[in-house]
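Below is one structure. I have some questions about it.
For clarity, every value in this text was computed on a predicted model and none was experimentally measured.
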Amino acid sequence: MGFTDMRFNVNLSILFTELPLLERPAAARAAGFTAVELWWPWVDAPVPEESELTALRTALEEAGTRLVGLNFYAGQLPGPDRGALSVPGAESERFRANVPVAVAFGASLGCTTFNALYGNRVPGATEAEQDALARENLAFAARAVAEVDGTVLIEALNAPESPHCPIVSAPKAVEVVDAVNAATGLDNARFLMDLYHLSMNSEDLDEVIDRYTDRTAHVQIADNPGRGAPGTGSLDLAALTDRLRKNGYDGWIGLEYKPGDRPSADAFDWLPADRRAAGS
C-alpha cells in the first residue's frame, strides 16, 4: 500500500486499550509512533483530579509521544453517548466545565486541536433548542481555544451506528463549522474528516475530499466494513489519503481503528516502520 508523505498518529482510546491508559503512550512509541490522539480519557470526570492530569502528561512526555488531538468531554465514549454539547442540563454544564481544563491540558503538551462532538437528539427538548445550545457551546469552545491559537473540530459520525446524532454527513458538519465561524468571527472551527464514518454513510469519498479538504484540519481513518486496519475492508485508503495530499492536506492522519483479534502492536503491518515516526 502507499501512504507516502503523510503524517500518522495513533488514537490511544481505540488502540492499545488492552493496556492501562498510562501505559499506552509507551506502547505506541515502542510500535514506532511519535504522535498520538485521545478521546477525553475520564468519561465520568470532565474535571478530573490534577494528579490524574499530571500522570497522563508525564506518561506522554516520558514516552516521547506528542499529543496532536484531544476530544472535549463527550459523555460515555465509547458507549451510548455521541457528545454532550447539544444536550441540555447537566451534560451541557459538564461540557462547559471541561473546556478550559481540556484546553489547558492540551496546550501544556503542545496540542491545540480539539474535537467537539455534537451529541444525540434527546427527549424533552426540541431540535431547535438543542441546536441553539450547540451553537452557544461551540462558540464558547472556539473562544477558549483561540486563547492558545487552536482549532475546534466538528466531526460527522455515521447514521447506522449513531442514529440519534444529527451530524451524520460531511455537508452537515461543514454547515456547523460555518455557523460557529460566523458566530465568533474567529475562523478557528474546521471539519474533522473521518473516512470510516463517511463511508458508512455511503458518501462519495472522492467528492468529499475534493470539496472539503480546504475546510479540514484533521483526518481519521479505518477500513470498512469492520472498522479495522487499512487492508481489512474494501476502502482504498492509500488512494484516498493520496487524494487528500494532492488537494493540499498536510495535517495528521489519525489511526482510529479496531485492532481485531490481536494485540494492538500487531495491527500496523500495513504501514512500514519507517513511516510511523512523524515530524511536526
Side-chain angles (χ1 to χ4, degrees), residues 1-3 6 8-9 11 13-15 37 39 69 71 74-75 77-83 85-86 115-122 127 130-131 134 138 153-180 189-249 251-260 267 270-271:
M1 303 180 80
F3 302 106
M6 305 305 291
F8 296 96
N9 70 271
N11 188 307
S13 298
I14 194 169
L15 285 154
E37 62 183 57
W39 303 340
N71 282 21
L77 190 73
D81 300 329
R82 294 294 183 267
L85 62 90
S86 67
N115 187 19
L117 289 174
Y118 200 87
N120 289 328
R121 294 300 191 202
V122 295
E127 293 184 5
Q130 292 174 70
D131 291 340
L138 284 167
L153 301 174
I154 310 298
E155 179 178 8
L157 303 183
N158 74 77
E161 294 176 327
S162 302
H164 303 297
C165 179
I167 312 300
V168 287
S169 74
K172 184 62 177 178
V174 173
E175 177 185 317
V176 175
V177 167
D178 290 343
V180 175
R190 291 292 183 272
F191 180 38
L192 191 166
M193 186 186 294
D194 186 310
L195 297 179
Y196 167 74
H197 286 312
L198 300 177
S199 70
M200 284 286 288
N201 289 327
S202 299
E203 296 185 62
D204 184 325
L205 299 183
D206 288 340
E207 180 182 351
V208 168
I209 289 169
D210 291 346
R211 187 175 179 184
Y212 295 124
T213 295
D214 64 343
R215 316 291 292 283
T216 299
H218 192 62
V219 173
Q220 293 173 334
I221 63 171
D223 216 331
N224 187 30
R227 200 174 187 176
T232 61
S234 60
L235 296 182
D236 189 346
L237 289 165
L240 291 167
T241 54
D242 185 59
R243 194 180 192 96
L244 277 160
R245 182 183 61 79
K246 290 177 179 177
N247 273 275
Y249 183 74
W252 295 96
I253 306 288
L255 307 182
E256 196 184 54
Y257 59 78
K258 299 175 182 178
W270 59 276
L271 185 65

**Study point:** Side-chain donor/acceptor of Ser86 to backbone N/O of Tyr118, under 3.5 Å
**Key:**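 Checked: pair present.
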Practice item. Work out which heavy atom in Arg243 is nearest to a heavy atom in Asp210; give both atom names and the distance. Key: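 In terms of heavy atoms, the two residues are closest at NH2-OD2, 2.8 Å.
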Check your understanding: Given Leu255, which of Ile221, Asn11, Ile14 fulfils the side chain to side chain contact (heavy atoms under 4.5 Å, CB included) condition?
Key ->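 Exactly one option meets the side chain to side chain contact (heavy atoms under 4.5 Å, CB included) with Leu255, and it is Ile221.
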**Study point:** All side-chain hydrogen bond (donor to acceptor under 3.5 Å, both in side chains) counterparts of Asn9, not counting sequence neighbours
**Key:**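 Partners of Asn9 by the side-chain hydrogen bond (donor to acceptor under 3.5 Å, both in side chains) criterion, ordered by chain and then number, come out as Glu37.
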Practice item. Rounded to the nearest 0.5 Å, what's the gap from CD1 on Ile253 to CG on Leu195? Could you check? Key: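 Rounded to the nearest 0.5 Å, the CD1-CG separation comes to 7.5 Å.
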Point to revise | Interatomic spacing from CG in Leu117 to CG in Leu157 - rounded to 0.5 Å | key: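 Reported to 0.5 Å precision, the distance equals 6.0 Å.
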Point to revise | Side-chain heavy-atom pair Glu256, Asp194 within 4.5 angstrom cut-off | key: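 Yes, their side chains come closer than 4.5 Å.
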Check your understanding: Backbone N or O of Ala159 within a donor-acceptor pair of the Asn201 side chain at under 3.5 Å?
Key ->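 At least one qualifying donor-acceptor pair exists.
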Practice item. Can you see which heavy atom on Leu198 is nearest to which on Met193, and at what distance? Key: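 Looks like CD1-CG, 3.8 Å.
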Exercise for review: Taking all non-hydrogen atoms of both residues into account, name the closest pair between Asn120 and Pro80 and its distance.
Suggested key: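 Minimum heavy-atom contact is ND2-O, 3.2 Å.
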Side-chain donor-acceptor pairs under 3.5 Å in residues 164-176, sequence neighbours left out?
residue : atom : partner : partner atom : Å
Ser169  : OG   : Lys172  : N            : 3.1
Lys172  : NZ   : Glu175  : OE2          : 3.1

Practice item. Search all heavy atoms of Ala189 against all heavy atoms of Val177 and return the closest pair with its distance. Key: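 Closest approach of Ala189 to Val177: O-CG1, 3.3 Å.
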Check your understanding: Partners of Asp242 by side-chain hydrogen bond (donor to acceptor under 3.5 Å, both in side chains), sequence neighbours excluded?
Key ->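 If we apply the side-chain hydrogen bond (donor to acceptor under 3.5 Å, both in side chains) test to Asp242, skipping adjacent residues, the hits are Arg245, Lys246.
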Point to revise | Carboxylate-amine/guanidinium proximity below 4.0 Å for Asp131 and Arg121 | key: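 Judged by the 4.0 Å cut-off on N to carboxylate O distance, Asp131 and Arg121 do form a salt bridge.
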Check your understanding: Do Phe3 and Leu237 pass the side-chain contact (heavy atoms from CB on, under 4.5 Å) test, and can you show the C-alpha distance, the side-chain angles, and the key distance before you say yes or no?
Key -> CA-CA 8 Å; Phe3 302 106; Leu237 289 165; 4.0 Å; yes
Point to revise | Euclidean distance, Thr241 OG1 relative to Met6 CE, rounded to 0.5 Å | key: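 The distance works out to 5.5 Å.
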Exercise for review: Would you give the length of the straight line joining atom CZ of Arg227 to atom CG of Asn158, rounded to the nearest 0.5 angstrom?
Suggested key: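 Arg227 atom CZ to Asn158 atom CG measures 8.0 Å (nearest 0.5 Å).
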Point to revise | Evaluation steps, side-chain hydrogen bond (donor to acceptor under 3.5 Å, both in side chains), between Thr213 and Asn247 | key: CA-CA 6 Å; Thr213 295; Asn247 273 275; 4.6 Å; no
Exercise for review: Spell out, as yes or no, whether a donor-acceptor pair under 3.5 Å connects the side chain of Asp223 to the backbone of Gly231.
Suggested key: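 Between the backbone of Gly231 and the side chain of Asp223 there is a qualifying donor-acceptor contact (under 3.5 Å).
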Check your understanding: At what distance, to the nearest 0.5 angstrom, does CD1 of Ile209 lie from CG of Leu244?
Key ->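 Interatomic distance, Ile209 CD1 to Leu244 CG, rounded to 0.5 Å: 4.0 Å.
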Point to revise | Gap between atom OG1 of Thr216 and atom CD1 of Ile154 - 0.5 Å precision | key: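 Interatomic distance, Ile154 CD1 to Thr216 OG1, rounded to 0.5 Å: 12.5 Å.
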Practice item. Indicate the atoms forming the closest heavy-atom contact of Leu205 with Ser199, along with that distance. Key: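 The answer is CD2-N, 3.9 Å.
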Practice item. May I ask you to test the Tyr196-Gln220 pair for a side-chain heavy-atom distance under 4.5 Å? Key: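 No, side chains not in contact.
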Point to revise | Atom of Gly228, atom of Tyr257 and distance for their closest heavy-atom approach | key: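 Taking Gly228 first and Tyr257 second, the nearest heavy atoms are O-CB, 3.3 Å.
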